[in-house]
Amino acid sequence: MSKRLKNRDIAGLCERLADLLEIDGANPFRVRAWRNAAETIAGLSQSVADLVEKDTDLTEYPHIGQDIAEGIRSLVTTGNLPPLDEIAARVPPELADLMQVQGLGPKGVKALYEHFQLRTLDDLERVAREGRVRELSGFGAKKEGALLDGIERLRAAGEQRARLADAESVAVPLRDRLAETPGVTEAAIAGSFRRRRETVGDIDLLVATGDGDAVMDRLVADDDVERVVSHGSTRSTVILGGGLQVDVRAVSPDSFGAALLYFTGSKRHNVALRQRAVDRDWKLNEYGLHDGEESLEAESEEAIYRRLGLDWIPPELREDGGEIAAAEKGSLPELVTADAIRGNLHGHTDWSDGKDTLEAMIEAARERGHDYIAITDHGPRVRIANGLSPERLAEQADAIDALAARYDDITILKGCEVDILGDGSLDLPDDVLARLDIVVCSIHYELRRSRAEQTERVLRAMENPHFMIWGHPTAREINRREPIDIDLERCLEAAAERGIAVEINAQPKRLDLCDTNARLALEKGCRLAIDTDAHATHHFDLLRHGIDQARRAGATAADVINTRSATDLRGVLRSRP
DNA sequence: GCCGTTTTCGGCCCGACTGTTTTCAGTCG
């Protein structure tokens with residue numbers, strides 16, 4: 001067995017193969033087949049390498065047939081993807097990188113390669129700077145400039161997608177400004193943003209108006225817009241100052257629902273819906289649901305779904321993961337909402353690394369109508385965060401008791417965010433943990449240990465009867481730190497067996513567990529805790545980011561322990577020995 | 001190359017925008 005491949009690596013190689021096939025002029029449907037497979041693999045919660053090891057039949061998964069399953073099996077066991085090796089003999093693999101340049105597609109890459117023998121971004125940049133790209137038929141001076149721009153942008157942004165919360169902070173104000181343009185009746189952000197994916201590649205902004213030109217003129221004049229990529233009367237693309245790309249589309253108000261549906265996606269969800277329309281001899285596009293020339297529905301998403309025999313599907317579920325079958329049977333889950341959350345089970349105060357006092361945190365929870373709040377400052381291992389020794393924890397308990405006497409409308413739960421040490425022991429002794437209402441156990445150090453060690457570490461920690469909630473289980477930080485290498489499936493099984501709840505940490509940089517792993521946790525029978533991990537009072541407002549991912553995982557209120565009343569909560573928390 | 005209460009063969013989305021091509025190809029979403 002060669003180096004263990006992650007799903008992302010496998011999906012990346014499938015994408016690369018698709019790029020090369022496309023440059024080579026292969027059957028476009030064959031190209032798409034590899035892209036579809038890449039998407040399936042990237043969205044899978046289980047590790048494909050694990051599945052191969054266990055001899056699972058990969059053709060069970062959508063868009064993976066005999067050939068691709070065989071290729072993946074070979075890739076995992078030998079490190080080679082035979083069709084990739086085969087095409088690499090004819091098409092230099094580096095050419096796939098050029099496909100990343102905006103405005104450059106397979107035809108362009110092929111022409112550039114054949115004419116200039118260029119292979120890399122550096123090659124392309126040199127030829128473009130020398131003004132020779134325009135020698136090629138189909139390329140002109142403008143295109144040459146656009147490619148240089150594209151190269152620069154690619155180098156600046158890398159492959160990183162923007163975190164949802166970051167994108168939100170610029171996209172929502174822009175939406176609101178466009179909504180004020182005369183003639184606009186509605187404005188909404190669609191795309192992966194509306195599906196609440198943890199990161200977004202760009203923003204799809206939809207505006208209902210009778211005057212598209214007015215909106216587009218307003219858009220390109222906006223202060224946040226740094227560059228205009230295209231500017232039409234129904235569609236424009238701009239790049240904002242921070243590098244985020246925004247596609248704006250103007251549609252007439254009477255087809256807003258159809259457009260919202262269409263541009264919310266996902267692509268696969270749309271394909272499945274359109275197929276459903278075709279099955280009924282209808283046609284579904286961004287302008288509406290049509291029977292021949294006649295428009296059946298267009299104004300609202302609900303009506304279109306209904307006409308197709310489906311319940312309205314929440315955007316978070318529109319990933320072609322069985323939601324259409326569920327909507328047909330009327331068995332879509334009733335997804336958890338922020339309103340259902342009765343309290344936060346993981347948060348810090350200035351006793352450790354929080355910014356605000358115990359009292360301020362309690363007040364903030366009360367203002368938000370919470371029934372309870374858990375105070376879970378760090379245990380002693382996290383020295384840099386001023387982690388609490390048993391003595392200081394006891395002092396804090398007294399302080400909490402004194403404060404609790406003043407409130408009859410909120411229950412204050414005494415807790416701790418305990419560190420899972422390298423050997424799987426916890427950083428506070430059992431007799432101290434036994435006195436706490438809430439014990440969140442998390443990993444903060446020794447993140448680079450082997451998969452076997454990491455798995456053993458967590459399984460051992462879970463043997464401690466006081467382990468109640470597994471905090472930010474994979475320790476990943478979006479765009480910054482990879483998740484720890486661990487047999488998550490096994491750990492989730494252990495958590496389910498022992499009644500340990502698994503956290504969805506709502507900090508925008510964490511979102512840990514992520515959507516697919518949270519779905520896996522539910523499949524394994526785990527309960528979830530959606531926590532803000534608040535380090536300041538305003539962090540309570542981050543809760544919705546955790547809710548988003550829980551909804552994407554298909555979680556209902558019943559799946560989430562902090563939707564329970566304080567009394568019920570004690571019942572579902574791990575029972576004491 | 002995948003997929004199948006139409007099918008194991010014949011489908012697989014298509015419209016908007018740009019640039020250069022004088023009527024449309026390439027790219028994108």
Side-chain angles (χ1 to χ4, degrees), chain A residues 14 17-19 21-23 25-40 58-72 81-83 87 98-112 133-147 149-150 190-193 200-206 212 216 228-238 245-251 255 258-259 262-288 290 309 320 325 328:
Chain A
C14 292
L17 172 56
D19 285 344
L21 286 169
E22 212 174 7
I23 294 166
N27 176 349
F29 299 109
R30 184 175 172 220
V31 173
R32 190 145 79 198
W34 282 98
R35 292 205 200 286
N36 283 334
E39 210 178 313
T40 295
L58 295 177
T59 65
E60 295 294 304
Y61 296 94
H63 307 287
I64 296 181
Q66 284 303 328
D67 288 11
I68 292 182
E70 180 107 350
I72 292 169
L81 183 58
I87 195 163
L98 295 181
M99 294 272 287
Q100 302 307 312
V101 179
Q102 196 163 36
L104 198 52
K107 298 283 165 46
V109 170
K110 184 172 191 186
L112 288 165
V133 165
R134 64 188 79 177
E135 289 170 12
L136 260 180
S137 99
F139 290 79
K142 269 198 148 166
K143 188 81 174 175
E144 196 171 75
L147 291 182
D149 267 5
S192 49
F193 181 97
V200 298
D202 61 14
I203 291 291
D204 296 294
L205 216 162
L206 206 60
M216 298 310 177
V228 177
V229 177
S230 69
H231 180 186
S233 60
T234 67
R235 176 177 170 180
S236 298
T237 298
V238 299
Q245 175 170 318
V246 181
D247 297 325
V248 180
R249 290 176 174 87
V251 299
S255 62
Y262 186 91
F263 292 113
T264 295
S266 65
K267 207 187 299 172
R268 284 217 204 160
H269 180 83
N270 286 354
V271 167
L273 283 185
R274 276 197 298 270
Q275 186 56 52
R276 221 179 147 79
V278 169
D279 290 346
R280 288 159 175 72
D281 276 332
W282 298 336
K283 181 181 155 183
L284 178 64
N285 61 21
E286 62 265 54
Y287 302 107
H290 308 278
D320 192 28
E328 183 170 34

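Each chain gets a letter, A, B and so on, in the order its sequence line appears, and its residues count up from 1.
Taking 4.0 Å as the cut-off between side-chain N and carboxylate O, A/Lys107 and A/Glu22 do not count as a salt-bridged pair.
Candidate nucleotides B/dT27, B/dC2, B/dC28 were compared by shortest atom distance to the side chain of A/Lys107, and B/dT27 ranks first. For A/Gln102, whose side chain is taken as the heavy atoms from C-beta onward, the closest listed nucleotide among B/dC2, B/dC17, B/dC28 is B/dC28.
Partner assigned to B/dG26 is B/dC17, using Watson-Crick or G-U wobble distances below 3.5 angstrom.
Rounded to an integer number of Å, the gap from CD of A/Glu22 to P of B/dG26 is 12 Å. Distance CZ (A/Arg134) to P (B/dT20): 10 Å, rounded to an integer number of Å. Here the C1' atom of nucleotide B/dT18 and the CG atom of A/Leu104 are 15 Å apart, to the nearest Å. Atom CG in A/Asp19 sits roughly 11 Å away from atom P in B/dC28 (whole-Å rounding). To the nearest angstrom, P of B/dG29 lies 14 Å from CD of A/Glu39. The CG-C1' distance, from A/Leu205 to B/dG29, rounds to 15 Å in whole Å. The interatomic distance linking A/Leu21 (CG) with B/dG1 (P) rounds to 8 Å, in whole Å. Atom-to-atom, CD1 of A/Ile87 to P of B/dG1 comes out at 11 Å; the value is rounded to the nearest Å.
Applying the 90° cutoff around 0 to the glycosidic angle, B/dT7 is assigned syn.
Looking at heavy atoms from C-beta onward, A/Cys14 lies out of side-chain contact with A/Arg35 at the 4.5 angstrom threshold.
Taking the P atoms as reference points, B/dT8 lies 13 Å from B/dG4, given to the whole Å.
Under the side chain to side chain donor-acceptor pair (under 3.5 Å) criterion, A/Asp202 pairs with no residue at all, not counting sequence neighbours. In this view, A/Ser236 and A/Met216, A/Leu219, A/His231 satisfy the side chain to side chain contact (heavy atoms under 4.5 Å, CB included) rule, not counting sequence neighbours. With sequence neighbours left out, A/His269 forms a side chain to side chain contact (heavy atoms under 4.5 Å, CB included) with A/Ser266, A/Leu273, A/Tyr305, A/Ile313, A/Arg318, A/Glu323, A/Ile324. Annotation: salt bridge (Lys or Arg N to Asp or Glu O under 4.0 Å) contacts of A/Arg235 (sequence neighbours excluded): none. Applying the side chain to side chain contact (heavy atoms under 4.5 Å, CB included) rule to A/Glu39 yields the partners A/Arg268; only residues at least two apart in sequence or on another chain are considered.
Within the structure, no pair that satisfies the salt bridge (Lys or Arg N to Asp or Glu O under 4.0 Å) test touches residues 58-72 of chain A, not counting sequence neighbours.
Between the CG atom of A/Asn27 and the CG atom of A/Leu21 there is a distance of 9.5 Å, given to the nearest 0.5 Å.
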Given protein heavy atoms under 4.0 Å, the one-letter contact record of nucleotides 11-16 of chain B, with B base, S sugar-phosphate only and - none, is simply -BB-BS
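Distances shown here put a side-chain N or O of A/Gln245 below 4.0 Å from the OP1 or OP2 atom of B/dG29.
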Please tabulate, for side-chain N and O atoms in residues 133-142 of chain A, each donor-acceptor pair with protein atoms closer than 3.5 Å (sequence neighbours left out).
{"from": "A/Arg134", "atom 1": "NE", "to": "A/Glu144", "atom 2": "OE1", "distance (Å)": "3.1"}
{"from": "A/Arg134", "atom 1": "NH2", "to": "A/Glu144", "atom 2": "OE1", "distance (Å)": "2.7"}

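Along DNA chain B, the nucleotide closest to A/Gly105 and the one closest to A/Gln66 are compared, and the more 5′ of them pairs with A/Gln66. Between A/Ser236 and A/Gly103, the residue anchored closer to the 5' end of DNA chain B is A/Ser236, taking for each the nucleotide with the nearest heavy atom.
Residues from residues 139-147 of chain A that place a heavy atom under 4.0 Å from any atom of DNA chain B, listed by number: A/Phe139, A/Gly140, A/Ala141, A/Lys142, A/Lys143.
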